[in-house]
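Each remark here refers to the structure printed beneath this line.
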Amino acid sequence: MKKRKVTALLLAFAMVLTAVGCGGGSGSGDQAASSDGAASSDGAAAEGDGAASDATYDKPEFTLKLGHSDTTSNLLHVSLEHFADDVFEKSNGRVKIDLYAAEQLGSNAEMAEMLEMGSLDAMMMPQGQEATYAPKLNALGLPFLFPNYDAVYAVLDGEIGDELVADLANRNMVQIAYWENGLRQVTNSKTPINAPEDLKGLKIRTPEDAMTLAIFNALGASPSPLAFSELYLALQQGTFDGQENPVSNIHANNFQDVQKYIAITNHKYECKNMIFSMTTWNKLPEEVQTLLTESAKTFGAEHRKAIVDSSDTMLAELEEAGMEVTRPDAAAFQAATASVYDDFYAENDWAEDLVNRMKAVIDGAQ
């Protein structure tokens with residue numbers, strides 16, 4: 001009888017061990033990213049405080065697709081690769097980020113729609129596109145608002161930065177970090193730009209951004225939006241005379257081959273931010289959300305620094321490649337675009353108060 005009891009106990013103990021050994025998160029890859037986050041938290045993530053526990057995953061439990069519009073040589077993509085590597089390493093292979101560059105998944109507008117519908121996990125959304133979902137973000141693009149990057153970051157990294165993107169929640173989106181696009185300059189193939197009159201009648205490509213269109217209309221140009229992936233060919237064929245972008249984008253896309261002149265106008269600032277679909281975000285365990293947010297902020301800061309540090313070197317290389325550089329006095333351009341502020345205030349009852357608070361932060365940063 002005693003022997004039978006011992007045997008029964010041993011069998012019961014073995015069954016418990018087998019059950020424990022079969023536990024863990026359910027699924028892997030894209031399917032797991034769409035599964036119930038609560039179910040996933042019953043597995044390996046529950047063994048530690050963060051996504052990176054002692055467990056090592058043979059296959060990712062969460063594979064997330066992140067799209068953007070820049071080339072793989074762009075500084076943004078380089079920092080995104082660092083971000084993806086960091087998340088994979090710190091999660092011990094539990095979370096994998098697949099990057100899709102150069103509008104492989106669609107234009108910025110198309111990817112944004114996919115986020116809202118929940119059919120794309122994440123994207124790097126340019127400011128103009130994001131402002132269609134979070135209108136207060138338009139204030140960042142007002143002409144000649146920011147004198148330098150320190151002033152920009154003083155605004156974005158404080159309470160106002162959170163306020164600007166709060167409306168994303170109404171469109172099934174969440175921003176987890178500000179990344180960089182930069183202070184923007186004008187290039188063209190026709191004439192040096194030294195005064196607003198030099199822009200009169202020039203066909204200028206812009207992103208799909210109402211604020212940028214308003215600025216160049218006020219300056220007398222003929223602006224029109226076009227997908228970034230189509231821009232080089234459009235400049236080469238003369239469909240557009242010019243375009244406006246940060247120096248890093250001009251350099252990365254070899255616009256010096258199809259543009260003769262670059263004017264350092266700093267006419268507006270634009271960020272490019274990491275946005276997740278709430279459909280995906282709400283299904284991720286809290287510790288995975290924390291890991292993604294912390295890593296996105298770390299490498300967003302890396303990207304910012306890379307943009308600022310490389311600007312002078314890239315501009316010198318553009319000049320060596322044959323571009324003629326001008327540095328026009330901003331005063332005449334500011335006067336020519338004053339109506340953009342007036343119209344912005346008239347269209348949005350919150351705008352003047354918001355801009356005044358932003359200016360106070362900017363003044364304090366100087």
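Heavy atoms only: backbone and side chains are in, while hydrogens, waters and symmetry mates are out. Positions are given from 1, in the same order as the sequence printed here.
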Quiz prompt | Test: Arg184 cationic atom under 6.0 Å from Tyr269 six-membered ring centre, within 45° of axis | solution = no
Practice problem: Of all the heavy-atom pairs spanning Ala365 and Ala151, show the shortest one and how long it is. | Solution: CB-CA, 4.2 Å
Quiz item: Would Lys359 and Asp363 count as a salt bridge (charged side-chain N to carboxylate O under 4.0 Å, His left out) if you check the C-alpha gap in whole Å, the side-chain angles of each, and the deciding distance to 0.1 Å?
Solution: CA-CA 6 Å; Lys359 286 181 177 180; Asp363 290 343; over 6 Å; no
Practice problem: State whether the side chain of Thr337 and the backbone N or O of Gln334 hold a donor-acceptor pair below 3.5 Å, judged by distance alone. | Solution: yes
Self-check item: Expected output: side-chain Ser311 to main-chain Ile307 donor-acceptor under 3.5 Å
Solution: no
Exercise. Decide, yes or no, whether a salt bridge links Arg171 with Glu113 under the criterion of side-chain N to carboxylate O below 4.0 Å.
Key: no
Self-check item: Point-to-point distance, once rounded to the nearest 0.5 Å, from OG1 of Thr63 to NZ of Lys65
Solution: 10.0 Å
Practice problem: Using a cut-off of 6.0 Å, state whether more than 12 heavy atoms not belonging to Glu159 lie near its atom CD. | Solution: no
Exercise. Starting at CG of Asp167, measure out to CE of Met173 and round the result to the nearest 0.5 Å.
Key: 12.0 Å
Practice problem: Drop me the distance from Ile204's CD1 to Leu199's CG, to the nearest 0.5 angstrom. | Solution: 6.0 Å
Quiz prompt | side chain to side chain contact (heavy atoms under 4.5 Å, CB included) between Val288 and Val87, worked out | solution = CA-CA 9 Å; Val288 173; Val87 169; over 6 Å; no
Quiz item: Does one side chain, of Asp121 or Ser277, offer a donor that lies under 3.5 Å from an acceptor on the other?
Solution: no
Contacts under 3.5 angstrom, residues 219-233 side chains, donor-acceptor by atom type, not counting sequence neighbours:
from	atom 1	to	atom 2	distance (Å)
Ser229	OG	Glu103	OE1	2.5

Quiz item: Has the side chain of Tyr100 got a donor or acceptor atom that lies under 3.5 Å from a matching backbone atom of Met123?
Solution: no
Quiz item: Considering all heavy atoms of both residues, which atom of His77 and which atom of Thr71 are nearest to each other, and what is their separation?
Solution: CB-O, 3.5 Å
Quiz item: Within the side chain of Glu180, is there an N or O that forms a donor-acceptor pair under 3.5 Å with the backbone of Gly182?
Solution: yes
Self-check item: For Ala263, all residues meeting side-chain contact (heavy atoms from CB on, under 4.5 Å), sequence neighbours excluded
Solution: Ile193, Thr265, Thr326, Pro328
Quiz prompt | Distance-only donor-acceptor check, side chains Asn249 and Asn181, under 3.5 Å | solution = yes
Self-check item: Audit row: Val95, Glu61, side chain to side chain contact (heavy atoms under 4.5 Å, CB included) steps and yes/no
Solution: CA-CA 6 Å; Val95 184; Glu61 185 178 356; over 6 Å; no
Quiz prompt | Donor-acceptor contact present, side-chain Gln127 to main-chain Cys271, <3.5 Å | solution = yes
Exercise. Apply the test side chain to side chain donor-acceptor pair (under 3.5 Å) to residues Asn172 and Thr279: give CA-CA distance (whole Å), side-chain angles for both, the deciding distance (0.1 Å), then the verdict.
Key: CA-CA 7 Å; Asn172 196 40; Thr279 301; 2.9 Å; yes
Exercise. Drop me the distance from Leu80's CG to Leu99's CG, to the nearest 0.5 angstrom.
Key: 5.5 Å
Quiz prompt | Lys268 vs Glu270, salt bridge (charged side-chain N to carboxylate O under 4.0 Å, His left out): CA-CA, chis, key distance, verdict | solution = CA-CA 7 Å; Lys268 65 172 293 192; Glu270 282 196 9; 2.9 Å; yes
Practice problem: Show your reasoning for whether side chain to side chain contact (heavy atoms under 4.5 Å, CB included) applies to Phe216 and His267. | Solution: CA-CA 10 Å; Phe216 281 90; His267 55 274; 3.8 Å; yes
Exercise. Sorted by first residue and then second, give each ring-ring contact (aromatic ring centres under 6.0 Å, His included) pair with at least one member in residues 285-337; sequence neighbours left out.
Key: Trp179-His303
Self-check item: Option among Leu164, Leu168, Thr132 that satisfies the side chain to side chain contact (heavy atoms under 4.5 Å, CB included) test with Leu137
Solution: Leu164
Quiz item: Are Trp350 and Phe344 an aromatic pair by the rule of ring centers under 6.0 Å?
Solution: yes
Quiz item: Are Thr298 and Phe83 side-chain neighbours, meaning at least one heavy-atom pair lies under 4.5 Å?
Solution: no
Quiz item: Atom CG of Asp86 and atom OG of Ser79: how far apart are they, to the nearest 0.5 Å?
Solution: 11.5 Å
Practice problem: Examine distances only and state if a side-chain atom of Asn253 and a backbone atom of Phe255 form a donor-acceptor pair shorter than 3.5 Å. | Solution: no
Exercise. Determine, stepwise, if the pair Glu163 / Lys136 fulfils salt bridge (charged side-chain N to carboxylate O under 4.0 Å, His left out).
Key: CA-CA 8 Å; Glu163 178 183 342; Lys136 288 185 178 181; 3.3 Å; yes
Quiz item: So, are Lys200 and Asp198 salt-bridged, with charged N and O less than 4.0 Å apart?
Solution: no
Quiz item: For Met111 and Gly106, which heavy atoms make the closest approach, and how far apart are they?
Solution: CE-O, 3.5 Å
Quiz item: Can you tell which of Thr187, Thr206, Asn188 makes a side-chain hydrogen bond (donor to acceptor under 3.5 Å, both in side chains) with Gln243?
Solution: Thr187
Practice problem: Find out if a path of hydrophobic residues (ILVMFWY) with successive side-chain heavy-atom gaps under 4.5 Å connects Leu120 to Ile97. | Solution: no
Quiz item: Got a salt bridge between Lys272 and Asp70, using NZ or NE/NH1/NH2 to carboxylate O under 4.0 Å?
Solution: yes
Quiz item: Can you check whether Phe88's main-chain N or O pairs, donor with acceptor, with Ser91's side chain at less than 3.5 Å?
Solution: yes
Self-check item: Criterion side chain to side chain contact (heavy atoms under 4.5 Å, CB included) on Ser189 and Leu235, from CA distance to verdict
Solution: CA-CA 8 Å; Ser189 59; Leu235 294 172; over 6 Å; no
Quiz prompt | Side-chain donor/acceptor of Gln185 to backbone N/O of Asn245, under 3.5 Å | solution = no
Practice problem: Starting at NZ of Lys297, measure out to CD1 of Ile176 and round the result to the nearest 0.5 Å. | Solution: 9.0 Å
Practice problem: Answer yes or no: is there an ion pair linking Asp157 with Arg304, defined by an N-O contact shorter than 4.0 Å? | Solution: yes
Self-check item: Donor-acceptor contact below 3.5 Å, side chain Gln129 vs main chain Pro126
Solution: no
